[in-house]
Novice: 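Got a structure for you, written out below as C-alpha coordinates; questions coming shortly.
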Number of protein chains: 2
Amino acid sequence: MGKGYTPETAAADVAAALKVLEGRWKLILLFHLFGGQVRRYSELKKRIPGISQKMLAQQLRALEADGLVRRTVYPEVPPRVEYQLTDWGQALCPVLDGLLSWREKRHSQ
Amino acid sequence: MGKGYTPETAAADVAAALKVLEGRWKLILLFHLFGGQVRRYSELKKRIPGISQKMLAQQLRALEADGLVRRTVYPEVPPRVEYQLTDWGQALCPVLDGLLSWREKRHSQ
DNA sequence: CGGAATCCGCACGGATACTG
DNA sequence: CAGTATCCGTGCGGATTCCG
(Lines give C-alpha, C1' and ligand atoms only; values in the text may rest on other atoms or scores of the structure.)
Protein backbone atom coordinates (compact mmCIF):
# COMPACT_ATOMS: atom_id res chain seq x y z
CA MET A 1 0.00 0.00 0.00
CA GLY A 2 1.63 3.28 -1.05
CA LYS A 3 1.56 6.49 0.91
CA GLY A 4 -1.33 8.86 0.66
CA TYR A 5 -3.91 6.11 0.83
CA THR A 6 -6.68 6.29 3.37
CA PRO A 7 -8.70 3.13 3.99
CA GLU A 8 -11.55 4.78 2.07
CA THR A 9 -9.61 5.69 -1.06
CA ALA A 10 -7.85 2.33 -1.18
CA ALA A 11 -11.16 0.52 -0.73
CA ALA A 12 -12.76 2.70 -3.40
CA ASP A 13 -9.99 1.92 -5.90
CA VAL A 14 -10.30 -1.82 -5.29
CA ALA A 15 -14.07 -1.56 -5.50
CA ALA A 16 -13.73 0.21 -8.85
CA ALA A 17 -11.56 -2.64 -10.09
CA LEU A 18 -14.02 -5.23 -8.79
CA LYS A 19 -16.97 -3.36 -10.26
CA VAL A 20 -16.11 -4.52 -13.77
CA LEU A 21 -16.41 -8.13 -12.52
CA GLU A 22 -19.63 -7.69 -10.57
CA GLY A 23 -22.81 -9.53 -11.27
CA ARG A 24 -23.75 -13.09 -11.95
CA TRP A 25 -22.42 -13.46 -15.49
CA LYS A 26 -19.29 -11.41 -16.13
CA LEU A 27 -16.79 -13.87 -14.68
CA ILE A 28 -18.37 -16.69 -16.64
CA LEU A 29 -18.14 -14.61 -19.79
CA LEU A 30 -14.50 -13.77 -19.10
CA PHE A 31 -13.57 -17.40 -18.53
CA HIS A 32 -15.23 -18.27 -21.82
CA LEU A 33 -12.92 -15.76 -23.50
CA PHE A 34 -9.63 -16.19 -21.63
CA GLY A 35 -6.81 -17.52 -23.73
CA GLY A 36 -7.60 -15.52 -26.84
CA GLN A 37 -10.77 -17.36 -27.71
CA VAL A 38 -13.12 -15.66 -30.16
CA ARG A 39 -16.83 -16.34 -29.75
CA ARG A 40 -20.01 -15.32 -31.50
CA TYR A 41 -23.06 -14.10 -29.61
CA SER A 42 -25.04 -17.23 -30.39
CA GLU A 43 -22.06 -19.38 -29.45
CA LEU A 44 -21.84 -17.80 -26.02
CA LYS A 45 -25.59 -18.13 -25.64
CA LYS A 46 -25.35 -21.85 -26.34
CA ARG A 47 -22.32 -22.43 -24.12
CA ILE A 48 -23.64 -20.55 -21.09
CA PRO A 49 -26.64 -22.37 -19.66
CA GLY A 50 -29.37 -20.26 -18.18
CA ILE A 51 -28.31 -16.84 -19.43
CA SER A 52 -31.02 -14.74 -21.03
CA GLN A 53 -30.49 -12.75 -24.19
CA LYS A 54 -30.93 -9.56 -22.22
CA MET A 55 -28.23 -10.39 -19.71
CA LEU A 56 -25.84 -11.71 -22.36
CA ALA A 57 -26.09 -8.55 -24.43
CA GLN A 58 -26.10 -6.26 -21.39
CA GLN A 59 -23.05 -7.78 -19.71
CA LEU A 60 -21.09 -7.99 -22.96
CA ARG A 61 -21.77 -4.30 -23.53
CA ALA A 62 -20.63 -3.52 -19.99
CA LEU A 63 -17.40 -5.47 -20.44
CA GLU A 64 -16.86 -3.72 -23.75
CA ALA A 65 -17.46 -0.29 -22.20
CA ASP A 66 -14.97 -1.16 -19.46
CA GLY A 67 -12.35 -2.07 -22.04
CA LEU A 68 -12.05 -5.79 -21.31
CA VAL A 69 -13.84 -7.06 -24.39
CA ARG A 70 -13.61 -6.12 -28.05
CA ARG A 71 -16.72 -6.45 -30.20
CA THR A 72 -16.43 -6.99 -33.93
CA VAL A 73 -19.42 -6.69 -36.25
CA TYR A 74 -19.31 -8.26 -39.70
CA PRO A 75 -21.71 -6.56 -42.10
CA GLU A 76 -23.16 -9.75 -43.52
CA VAL A 77 -26.57 -11.29 -43.92
CA PRO A 78 -27.32 -12.85 -41.52
CA PRO A 79 -25.35 -10.60 -39.16
CA ARG A 80 -22.28 -11.95 -37.35
CA VAL A 81 -20.77 -10.47 -34.20
CA GLU A 82 -17.64 -11.77 -32.52
CA TYR A 83 -16.33 -11.13 -29.03
CA GLN A 84 -12.78 -11.46 -27.71
CA LEU A 85 -10.70 -10.12 -24.85
CA THR A 86 -8.50 -7.06 -25.15
CA ASP A 87 -4.91 -7.34 -23.93
CA TRP A 88 -5.97 -5.64 -20.75
CA GLY A 89 -8.84 -8.07 -20.28
CA GLN A 90 -6.49 -10.99 -20.79
CA ALA A 91 -4.15 -9.46 -18.19
CA LEU A 92 -6.84 -10.06 -15.60
CA CYS A 93 -6.26 -13.82 -15.77
CA PRO A 94 -3.16 -13.96 -13.51
CA VAL A 95 -4.82 -11.63 -11.05
CA LEU A 96 -7.76 -14.00 -10.72
CA ASP A 97 -5.28 -16.84 -10.32
CA GLY A 98 -3.84 -14.96 -7.35
CA LEU A 99 -7.29 -14.80 -5.88
CA LEU A 100 -7.72 -18.55 -6.32
CA SER A 101 -4.36 -19.19 -4.65
CA TRP A 102 -5.38 -17.03 -1.72
CA ARG A 103 -8.61 -18.97 -1.38
CA GLU A 104 -6.80 -22.30 -1.33
CA LYS A 105 -4.51 -21.07 1.41
CA ARG A 106 -7.34 -21.15 3.89
CA HIS A 107 -7.76 -24.90 3.84
CA SER A 108 -4.02 -25.42 4.15
CA GLN A 109 -3.69 -23.68 7.50
CA MET B 1 -5.45 -22.08 -15.39
CA GLY B 2 -4.95 -25.75 -14.55
CA LYS B 3 -6.53 -28.63 -16.37
CA GLY B 4 -9.96 -29.88 -15.43
CA TYR B 5 -11.39 -26.37 -15.24
CA THR B 6 -14.44 -25.47 -17.24
CA PRO B 7 -15.29 -21.79 -17.58
CA GLU B 8 -18.15 -22.39 -15.16
CA THR B 9 -16.13 -24.04 -12.38
CA ALA B 10 -13.31 -21.53 -12.67
CA ALA B 11 -15.78 -18.65 -12.59
CA ALA B 12 -17.57 -20.21 -9.62
CA ASP B 13 -14.31 -20.54 -7.66
CA VAL B 14 -13.37 -16.92 -8.33
CA ALA B 15 -16.90 -15.85 -7.45
CA ALA B 16 -16.63 -17.73 -4.16
CA ALA B 17 -13.42 -15.87 -3.39
CA LEU B 18 -14.99 -12.54 -4.32
CA LYS B 19 -18.10 -13.30 -2.32
CA VAL B 20 -16.31 -12.63 0.96
CA LEU B 21 -15.52 -9.12 -0.36
CA GLU B 22 -18.95 -8.32 -1.71
CA GLY B 23 -21.09 -5.48 -0.57
CA ARG B 24 -20.57 -1.85 0.13
CA TRP B 25 -18.61 -2.06 3.38
CA LYS B 26 -16.35 -5.10 3.57
CA LEU B 27 -13.42 -3.65 1.64
CA ILE B 28 -13.54 -0.51 3.74
CA LEU B 29 -13.52 -2.62 6.89
CA LEU B 30 -10.59 -4.68 5.63
CA PHE B 31 -8.55 -1.60 4.77
CA HIS B 32 -9.21 -0.30 8.26
CA LEU B 33 -7.69 -3.50 9.64
CA PHE B 34 -4.84 -4.22 7.21
CA GLY B 35 -1.40 -4.04 8.78
CA GLY B 36 -2.34 -5.72 12.04
CA GLN B 37 -4.45 -2.90 13.37
CA VAL B 38 -6.80 -3.70 16.25
CA ARG B 39 -10.04 -1.74 16.42
CA ARG B 40 -13.03 -1.62 18.72
CA TYR B 41 -16.59 -1.63 17.40
CA SER B 42 -17.17 2.00 18.40
CA GLU B 43 -13.83 2.98 16.92
CA LEU B 44 -14.76 1.51 13.53
CA LYS B 45 -18.15 3.17 13.76
CA LYS B 46 -16.49 6.54 14.29
CA ARG B 47 -13.87 6.05 11.59
CA ILE B 48 -16.24 4.86 8.90
CA PRO B 49 -18.57 7.66 7.90
CA GLY B 50 -22.09 6.70 6.99
CA ILE B 51 -22.12 3.09 8.13
CA SER B 52 -25.10 2.03 10.22
CA GLN B 53 -24.81 -0.13 13.32
CA LYS B 54 -26.65 -2.89 11.55
CA MET B 55 -24.29 -2.98 8.59
CA LEU B 56 -21.20 -2.67 10.78
CA ALA B 57 -22.19 -5.60 12.97
CA GLN B 58 -23.51 -7.65 10.06
CA GLN B 59 -20.46 -7.26 7.85
CA LEU B 60 -18.04 -7.85 10.72
CA ARG B 61 -19.88 -11.07 11.52
CA ALA B 62 -19.72 -12.11 7.89
CA LEU B 63 -15.98 -11.46 7.71
CA GLU B 64 -15.55 -13.39 10.95
CA ALA B 65 -17.58 -16.31 9.64
CA ASP B 66 -15.45 -16.32 6.49
CA GLY B 67 -12.28 -16.47 8.56
CA LEU B 68 -10.80 -13.08 7.66
CA VAL B 69 -11.48 -11.34 10.95
CA ARG B 70 -10.99 -12.40 14.56
CA ARG B 71 -13.37 -11.04 17.18
CA THR B 72 -12.29 -10.75 20.79
CA VAL B 73 -14.76 -10.01 23.58
CA TYR B 74 -13.49 -8.68 26.91
CA PRO B 75 -15.92 -9.47 29.74
CA GLU B 76 -15.87 -6.01 31.28
CA VAL B 77 -18.37 -3.34 32.21
CA PRO B 78 -18.91 -1.57 29.92
CA PRO B 79 -18.31 -4.32 27.35
CA ARG B 80 -15.34 -4.09 24.99
CA VAL B 81 -15.01 -5.94 21.68
CA GLU B 82 -11.96 -5.81 19.45
CA TYR B 83 -11.54 -6.77 15.81
CA GLN B 84 -8.39 -7.70 13.92
CA LEU B 85 -7.44 -9.61 10.77
CA THR B 86 -6.45 -13.25 10.81
CA ASP B 87 -3.25 -14.24 8.98
CA TRP B 88 -5.39 -15.37 6.10
CA GLY B 89 -7.24 -12.06 6.06
CA GLN B 90 -3.95 -10.18 6.04
CA ALA B 91 -2.81 -12.37 3.14
CA LEU B 92 -5.50 -10.77 1.02
CA CYS B 93 -3.59 -7.47 0.96
CA PRO B 94 -1.08 -8.37 -1.79
CA VAL B 95 -3.87 -9.88 -3.86
CA LEU B 96 -5.78 -6.60 -3.77
CA ASP B 97 -2.55 -4.82 -4.67
CA GLY B 98 -2.39 -7.02 -7.76
CA LEU B 99 -5.88 -5.86 -8.63
CA LEU B 100 -4.86 -2.23 -8.26
CA SER B 101 -1.83 -2.77 -10.47
CA TRP B 102 -4.04 -4.34 -13.11
CA ARG B 103 -6.36 -1.37 -12.95
CA GLU B 104 -3.53 1.11 -13.42
CA LYS B 105 -2.32 -0.78 -16.48
CA ARG B 106 -5.31 0.39 -18.43
CA HIS B 107 -4.35 4.04 -18.44
CA SER B 108 -0.79 3.23 -19.41
CA GLN B 109 -1.66 1.60 -22.71
C1' DC C 1 -20.95 -0.17 24.78
C1' DG C 2 -22.15 -3.31 21.41
C1' DG C 3 -25.22 -4.94 19.45
C1' DA C 4 -30.38 -7.29 17.55
C1' DA C 5 -35.01 -6.71 15.32
C1' DT C 6 -38.00 -4.71 12.17
C1' DC C 7 -39.67 -2.21 8.25
C1' DC C 8 -38.91 -0.44 3.78
C1' DG C 9 -37.04 1.44 -0.91
C1' DC C 10 -34.57 0.53 -4.81
C1' DA C 11 -31.64 -1.55 -8.14
C1' DC C 12 -30.18 -6.00 -10.14
C1' DG C 13 -31.43 -9.58 -12.67
C1' DG C 14 -35.14 -13.01 -14.82
C1' DA C 15 -39.07 -13.93 -18.21
C1' DT C 16 -41.28 -12.79 -22.11
C1' DA C 17 -42.33 -10.51 -26.42
C1' DC C 18 -40.86 -7.96 -30.28
C1' DT C 19 -37.38 -6.20 -34.22
C1' DG C 20 -33.59 -4.72 -38.01
C1' DC D 1 -28.73 -13.84 -36.05
C1' DA D 2 -28.25 -10.56 -32.69
C1' DG D 3 -30.19 -8.06 -30.35
C1' DT D 4 -34.08 -4.30 -27.73
C1' DA D 5 -38.23 -3.28 -24.76
C1' DT D 6 -41.08 -4.03 -20.96
C1' DC D 7 -42.73 -5.87 -16.78
C1' DC D 8 -41.83 -7.75 -12.43
C1' DG D 9 -39.88 -10.32 -8.17
C1' DT D 10 -36.13 -10.66 -4.90
C1' DG D 11 -32.48 -9.30 -1.96
C1' DC D 12 -29.11 -5.81 -0.40
C1' DG D 13 -28.61 -2.17 2.32
C1' DG D 14 -30.56 2.15 5.04
C1' DA D 15 -33.34 4.10 9.04
C1' DT D 16 -35.19 3.42 13.19
C1' DT D 17 -36.18 1.28 17.55
C1' DC D 18 -35.16 -1.76 21.32
C1' DC D 19 -32.03 -4.82 24.49
C1' DG D 20 -28.12 -7.09 27.94
Side-chain angles (χ1 to χ4, degrees), chain A residues 7-8 11-12 14-16 18-33 37-66 68-84, chain B residues 8 11-12 14-33 37-66 68-84:
Chain A
E8 275 71 24
V14 173
L18 290 181
K19 192 169 178 51
V20 309
L21 311 178
E22 265 175 18
R24 184 172 165 187
W25 300 109
K26 288 185 187 169
L27 283 172
I28 296 177
L29 283 169
L30 289 176
F31 277 101
H32 273 271
L33 295 174
Q37 298 176 89
V38 181
R39 300 285 183 216
R40 298 182 59 167
Y41 181 89
S42 56
E43 219 175 338
L44 290 168
K45 180 94 178 67
K46 265 189 309 181
R47 288 170 181 268
I48 302 179
I51 197 170
S52 66
Q53 292 181 323
K54 167 189 166 183
M55 294 312 292
L56 180 53
Q58 189 177 94
Q59 303 306 298
L60 281 171
R61 298 303 178 137
L63 289 172
E64 187 194 7
D66 285 327
L68 282 89
V69 163
R70 175 165 31 251
R71 179 173 180 266
T72 312
V73 182
Y74 297 89
E76 307 171 352
V77 180
R80 179 163 60 106
V81 181
E82 288 183 346
Y83 295 92
Q84 58 192 302
Chain B
E8 276 71 24
V14 173
L18 290 181
K19 191 170 178 51
V20 310
L21 310 178
E22 265 175 19
R24 184 173 163 184
W25 300 108
K26 287 183 186 169
L27 283 172
I28 295 176
L29 283 169
L30 290 176
F31 277 101
H32 273 272
L33 295 174
Q37 299 176 88
V38 181
R39 299 287 183 215
R40 297 182 59 168
Y41 180 89
S42 56
E43 218 175 339
L44 290 169
K45 181 91 176 69
K46 265 189 310 182
R47 288 171 181 269
I48 302 179
I51 196 171
S52 67
Q53 292 180 324
K54 168 189 166 183
M55 293 313 291
L56 179 53
Q58 189 177 95
Q59 302 306 299
L60 281 171
R61 298 304 178 133
L63 289 171
E64 187 194 6
D66 284 327
L68 283 87
V69 162
R70 176 165 30 252
R71 180 175 180 265
T72 312
V73 182
Y74 296 90
E76 307 170 350
V77 179
R80 179 162 61 105
V81 181
E82 288 184 346
Y83 295 91
Q84 58 192 302

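Here is how names work: the chains are called A, B, and so on, in the same order as the sequence lines, proteins then strands, and each is numbered from 1.
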Novice: Hey, are the side chains of B:Gln84 and B:Thr72 touching, using non-hydrogen atoms and a 4.5 Å cut-off?
Specialist: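 With C-beta onward as the side chain, the pair touches.
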Novice: When rounded to the nearest 0.5 angstrom, what is the spacing between CG in B:Leu63 and CG in B:Leu21?
Specialist: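 Reported to 0.5 Å precision, the distance equals 8.5 Å.
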Novice: Could you go through residues 42-55 of chain A and list every donor-acceptor pair under 3.5 Å that involves a side-chain atom there, pairing it with any protein atom two or more places apart or in another chain?
Specialist:
residue, atom, partner, partner atom, Å
A:Glu43, OE1, A:Arg40, N, 2.9
A:Glu43, OE2, A:Arg39, NH1, 3.1
A:Lys45, NZ, A:Ile51, O, 3.0
A:Ser52, OG, A:Met55, N, 3.2

Novice: For DNA chain D, which residues in residues 57-66 of chain A have a heavy atom at a distance below 4.0 Å?
Specialist: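 The answer is A:Ala57, A:Arg61.
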Novice: What is the first contacted nucleotide of DNA chain C and what is the last, in 5' to 3' order, if contact means an atom lying under 4.0 angstrom from a heavy atom of chain A?
Specialist: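 From 5' to 3', the first and last contacting nucleotides are C:dG13 to C:dG20.
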Novice: Where is the tightest heavy-atom contact between A:Tyr83 and A:Leu33, given as atom of each residue plus distance?
Specialist: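 Closest pair (atom of A:Tyr83, atom of A:Leu33, distance): O-CD2, 3.6 Å.
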Novice: Going by number, which of residues 70-84 of chain B have a non-hydrogen atom under 4.0 Å from DNA chain C?
Specialist: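 Only B:Arg71, B:Pro78, B:Pro79, B:Arg80, B:Val81, B:Tyr83 qualify.
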Novice: Who passes side chain to side chain donor-acceptor pair (under 3.5 Å) against B:Glu8, sequence neighbours left out?
Specialist: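 Once residues adjacent in sequence are excluded, the partners of B:Glu8 under the side chain to side chain donor-acceptor pair (under 3.5 Å) criterion are A:His32.
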Novice: Quick one, A:Lys26 and A:Val20 - any side-chain contact, counting heavy atoms below 4.5 Å?
Specialist: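 The answer is no, as the side chains (C-beta and beyond) never meet within the 4.5 Å cut-off.
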Novice: Decide yes or no for A:Arg80 and A:Glu82: does some side-chain heavy atom of the first lie under 4.5 Å from some side-chain heavy atom of the second?
Specialist: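 Of all side-chain heavy-atom pairs linking A:Glu82 with A:Arg80, at least one is under 4.5 Å.
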Novice: Closest approach of A:Val73 and A:Arg71, non-hydrogen atoms and distance?
Specialist: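 Heavy-atom minimum between the residues: CG2-NH1, 3.6 Å.
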Novice: In residues 37-56 of chain A, what residues come within less than 4.0 Å of DNA chain D, judged by heavy atoms?
Specialist: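 Output list: A:Arg40, A:Tyr41, A:Ser42, A:Gln53, A:Lys54.
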